[in-house]
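Down below is the structure, laid out as structure tokens.
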Amino acid sequence: MDNEKLAQTIQGEIVQATGEKVAVSVRDGIAELTGQAGSLQNAVDAGHIAAGLEQVRQVVNDVDYPGKMPVVLPPKISDELTGKEFDVVIVGGGVIGLAITRELSRFDLRIALIERHHDLGMDQTAHCNAMIHPALLTERGTLKWEMNYKGNAMWDEVAGQLDVDFKRIGTLVVAENSDEELFLPGVVDLAKSQNDPEPKVLDRAGLDRIEPGLAPNIKKGVLVWNTGVIGVFELIIAYAENALINGVKFFLNTSATGVQVEDGSIRAVETTRGTIKTRILVNAAGLYSDKIAELAGDRFFSLHPRKGETIIFDKSYQPVRTVLATFSMVGERSAYSKGGGIIPTVDGNLQFGPTAEEVFDRGDVATTSVARETLFSRFAPSLQRAKPHYTKPDRGTIITQFAGCRAATYKEDFIIEPSKKVRGLVHVAGIQSPGLAAAPAVAERAKEIIVEDRHPAENMKFEPRRVRSKHFSELDQRERMELIRSNPLYGHIVCRCEHVSEGEIVTALHGGIAAYSVDAIKRRTRAGAGRCQGGFCMPRVLDIISRESNIDKQLATKNGGKSFILRGKVKQVKK
Amino acid sequence: MVRQAHHERDYILNLGMRMQADVTVIGSGPAGLVAAIEASRSGAKDVILLEREEELGGILKQCIHNGFGLEQFKKDYTGPEYAERLIDEIRKTEVRCFLNTMVTGVSANRTVTAVNSEDGVFQVEAKSVVLAMGCRERARGSINIPGTRPAGVLTAGTAQRLVNIEGFLPGKEVVILGSGDIGLIMARRLTLEGARVRGVYEIMNYPGGLKRNIVQCLNDFNIPLYLSHTVTEIQGRERVEGVVVSQVDEKMQPIQGSEKFLQCDTLLLSVGLIPENELSKGAGVELSRATNGPVTAETMETSVPGIFSCGNVSTVFDLVDYVAQTGMSAGRNAARFVAGDWKENGGSVEVLAGENVRVVFPQRYCFRDELTLYVRPAKPIEKPVTLSIAPIEMNIKRLYARPNEMIRLKVDRKKLEKVTEPIQVSIKER
Ligand SMILES: Cc1cc2nc3c(=O)[nH]c(=O)nc-3n(C[C@H](O)[C@H](O)[C@H](O)COP(=O)(O)OP(=O)(O)OC[C@H]3O[C@@H](n4cnc5c(N)ncnc54)[C@H](O)[C@@H]3O)c2cc1C
Ligand SMILES: Cc1cc2nc3c(=O)[nH]c(=O)nc-3n(C[C@H](O)[C@H](O)[C@H](O)COP(=O)(O)OP(=O)(O)OC[C@H]3O[C@@H](n4cnc5c(N)ncnc54)[C@H](O)[C@@H]3O)c2cc1C
């Protein structure tokens, strides 16, 4: 089909499905949509329809709709980075950018990573469910599948070397009646093709060993062993600390605002804090990776943010050991997202989530009561049916709810490729779920692209390991004694719910990536992540931040930027 | 307040010290202080008090308003003054106090594990344990307020600490959700500090806090109280920029179309207190669904022999006098338990909440002590009522019943001697 015909076909399909008349043009496999749609959903549907055609490689969707929010670049604040020069600059400090720092520091390259927030991983990565998905539910034949499949298998080594909690807890698919039992061999076959060691249909005795207390009508099931859960906040810090050991430079509070291209090659990246020279630019900007591509003059895809919300339960409520899935839950998967589930965390807090909703704003992290109810009413009955003897799920045990957006392209697949227009530009974009599970493989692919192009020498001093700092709550009595004797601050417990000591907080504040905010401390130490959500420890953490970083308490923030917690002093200060 | 030296061997082996005690009290709020004083006065020898904060006194330290001790000391003290009285008294006893010491575990055999900077991790093996850990405030996550997660959303108690102990203002334009006492008190406190309190929004159709606090903290300062209202959204990316409040129907569901945006930089939550019972659970203590605290006898003994509980860890009391009363009972009975003065006797009967009663405390009667009942009505009844106790046919007349006013009554021990069936408390309109 020639481009014009293709465009007409797309246009026709869009009118038929949505009633919207949008203009379509196609060039080099890129479909560009312009015009006006009546709603966000229609505009998104139009993009998906165009992407549905095999000949369409990517979709640039410029269709306007009521409420559309343009991406606004932040203003320049300083010039302090101007004059700096690196071989590689990575834009974006999410798990993908971080994993890439690790792969590239195996080579003799000067590497920098820039991140717009005051801390790493705060967009998609911090709002994910920390699950290392099996490739089972990802569509075969996609890049996403390949990366998921390869990445999943890499985590034992990566998490081991980075000293991050990682457990293969498995997904347990259970049949609730004899009809459903017929599907189990199919699940086994699927799992087998996914590198899962010896999947088989388990009988009741087998199920009881893995997930005790299942309902009597559940007689058979399949354990997909390679599902894992990981300490995602620890992982972010681990990647960064390892990168620091290997000489990578980090610039936080630094937003990319322009890309300088000369003779078709990358020359520099302009940021809110000055212009950094570089020959290679890695676009790992997550929800804004289409913007970075545009700034480099290589606009060939658009992202549409899809929000996911999750509810989290108190640690006292731990009804499952595995990711428990019934067929009724699997059946409810939505078209473009995994559909969520009942997902434990390494820390012992159960999650229900995530939801999937197309939204206007990429920065939308607001929670809604609709999502809370949807999640609860969807998963609570399944859980109760499957484990009737266990305490009933209760709304009162929910400790918090959070939301984040996925960086979805219209193809709903990952983009990991060198720019076709600009030499030295590498796109690692559209990395939505299961991007965490896929991260080590994605980074390896990005590395291959760069190595193939530049042939850098190996870094003989590459250090693959990083050791985490001590967490009081994870130590036995003797280790605790030793630690407290070496540093008495470890004997002072600041967070009552998670038993985090002052020693851990001070260590985090003096760590390689020091972010002076209450939430940054929470991500690093879990102080404030428990049932009281910081009610008790927040004022104490504020004290410690102010003391250790020598800033006025009134300038300490909840989560960077202008999120100041205090608004002045009282009229007379006692004490 | 002396400290016991480490055993040298344990020190070298890095095992941490082990101590023996008659009574270990966990928490030094009014309940724990009174319990420790009373245990010591009742003859218990080694009484150890463990407190995670750097000073004794619990929540009292930050309650700089008055209204404490009207009953117990016949004086109108502020929280710190009230605490000071108790601290003066505990100084006269042999009770050993460990400050900056977090208790991390209690076992059913009454071994308490704690940690501090000086002694590291250590254990106290006691003949009796008194739980007096108080309560914590319900946080945003457990009450479902949708929206963003900016700075400026905090519990009233956290704000109280920031203002009264640290001298900082958490906000200048404040909306308060929930009409619990701490929220009411903070409405006044923040107003006095120059903040503008836009209103107190309460989801129920009656206020949660004491009448005197509504009058003295809201009415006297022209701060409006909106009943049957709740916050349905928080807005603002970095700092709170405003909240949406809505009216609710009888089922407490927001009424469509009643939404109103209020500009503010702070949302204070005063939406309930939860007894802090993680340690109790670890010890295998049975908890009550109605109170979230241990199922307790009139002696303050829990379901685990030798483990007692008192104060707000048992059930949320309105007045510090009630808290002190339960502390007194727990301390005295812990000493009796240690002394072996705990003969097997006539078993026990349950104490049940009947009609129109949300909470009755204690939940068991063991025929060992006087029975003082604490009763929280389930709903407001603004008419004369009769509070009756079955099966002893005790009937008490009152002019009204309100959930924000806990009713306390003493039951004559003699009347209970022959009781074999559960004791039930109910409230009926007259
Ligand atoms: C609700 C939800 C649940 C999920 N659950 C899972 C799961 O359980 N398992 C799983 O495998 N995956 C999950 N995912 C997907 C996973 O979170 C992502 O695929 C992964 O985190 C993507 O990482 P990233 O580094 O590409 O993106 P991000 O984490 O978004 O990182 C991109 C970074 O780039 C920065 N940036 C953007 N623009 C600029 C600029 N101009 N200058 C400087 N920096 C910039 C951003 O601030 C951000 O920190 C989930 C996603 C969501 C939303
Ligand atoms: C924020 C807040 C404000 C209040 N304001 C008022 C008020 O203005 N007026 C009023 O009448 N009532 C008020 N109350 C109710 C108040 O709790 C009671 O009046 C009374 O102080 C309760 O006494 P308590 O001893 O049971 O608990 P608390 O006073 O709370 O004392 C409990 C003590 O136990 C300690 N503790 C807990 N766990 C551990 C552990 N694991 N290891 C070591 N120590 C531990 C705590 O640090 C604390 O010192 C308030 C309650 C709260 C939560």
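Protein chains get the first letters and strands the later ones, always in sequence-line order, with residue 1 at the start of each. Basis for what follows: all heavy atoms, side chains included, without hydrogens, waters or symmetry-related copies.
No part of B:Leu190 comes within reach of chain A, as not one of its non-hydrogen atoms sits under 4.5 angstrom from that chain. Interface residue A:Ile399: only backbone heavy atoms are found under 4.5 Å from chain B. Using a 4.5 Å cut-off between heavy atoms, A:Phe402 touches chain B through backbone and side chain atoms alike.
Across B:Gly147, B:Ala151, B:Ala139, the residue that shares the most heavy-atom pairs under 4.5 angstrom with chain A is B:Gly147. Among B:Thr113, B:Leu162, B:Thr232, B:Ile234, the residue making the largest number of heavy-atom pairs under 4.5 Å with chain A is B:Leu162. Counting heavy-atom pairs closer than 4.5 Å to chain B, the top-ranked of the candidates A:Thr400, A:Ile484, A:Thr367 is A:Thr367. Residue with the most contacts toward chain B among A:Asp543, A:Asn559, A:Val365, A:Thr397: A:Asp543 (heavy-atom pairs, distance under 4.5 Å). For the set A:Gln401, A:Glu502, A:Arg531, the count of heavy-atom pairs under 4.5 angstrom toward chain B peaks at A:Arg531. With respect to chain B, the highest number of heavy-atom pairs below 4.5 Å among A:Arg567, A:Glu309, A:His499 belongs to A:Arg567. For the set B:Lys281, B:Met102, B:Arg161, the entry with the most heavy-atom pairs within less than 4.5 Å of chain A is B:Arg161. Between chain A and the residues B:Thr266, B:Val240, B:Ile274, B:Thr148, the largest count of heavy-atom pairs under 4.5 Å involves B:Thr148. Taking chain A as the reference chain and counting heavy-atom pairs below 4.5 Å, the highest number among B:Glu137, B:Arg140, B:Glu278, B:Arg138 is found for B:Glu278. Note: A:Lys562 leads A:Lys562, A:Gln533, A:Met538 in heavy-atom pairs under 4.5 Å with chain B.
The backbone N or O of B:Pro146 sits nowhere less than 3.5 Å from a side-chain atom of A:Thr368 that would complete a donor-acceptor pair.
Taken from CG in B:Asn277 to OG in A:Ser316, the straight-line distance is 11.5 Å, to the nearest 0.5 Å.
Using a cut-off of 4.0 Å between Lys/Arg side-chain N and Asp/Glu carboxylate O, B:Glu53 and A:Arg540 are scored as salt-bridged. Salt bridge present: A:Asp123 and A:Arg116 bring a charged side-chain N and a carboxylate O closer than 4.0 Å. Salt bridge annotation for A:Lys569-A:Asp552: absent, with no cationic side-chain nitrogen under 4.0 angstrom from a carboxylate oxygen. Salt-bridge check for A:Lys307 with A:Asp364: passed, with a basic side-chain N closer than 4.0 Å to an acidic carboxylate O. Salt-bridge formation is detected for the pair A:Asp361/B:Arg237: a Lys NZ or Arg NE/NH1/NH2 atom is positioned less than 4.0 Å from an Asp or Glu carboxylate oxygen. The pair B:Arg136-B:Glu276 meets the salt-bridge criterion, with a side-chain N (NZ, NE, NH1 or NH2) lying under 4.0 Å from an Asp/Glu carboxylate O.
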Let me see the working for A:Lys315 and A:Asp347 under salt bridge (charged side-chain N to carboxylate O under 4.0 Å, His left out), right down to the final yes or no. CA-CA 8 Å; A:Lys315 275 186 179 171; A:Asp347 302 304; 5.7 Å; no

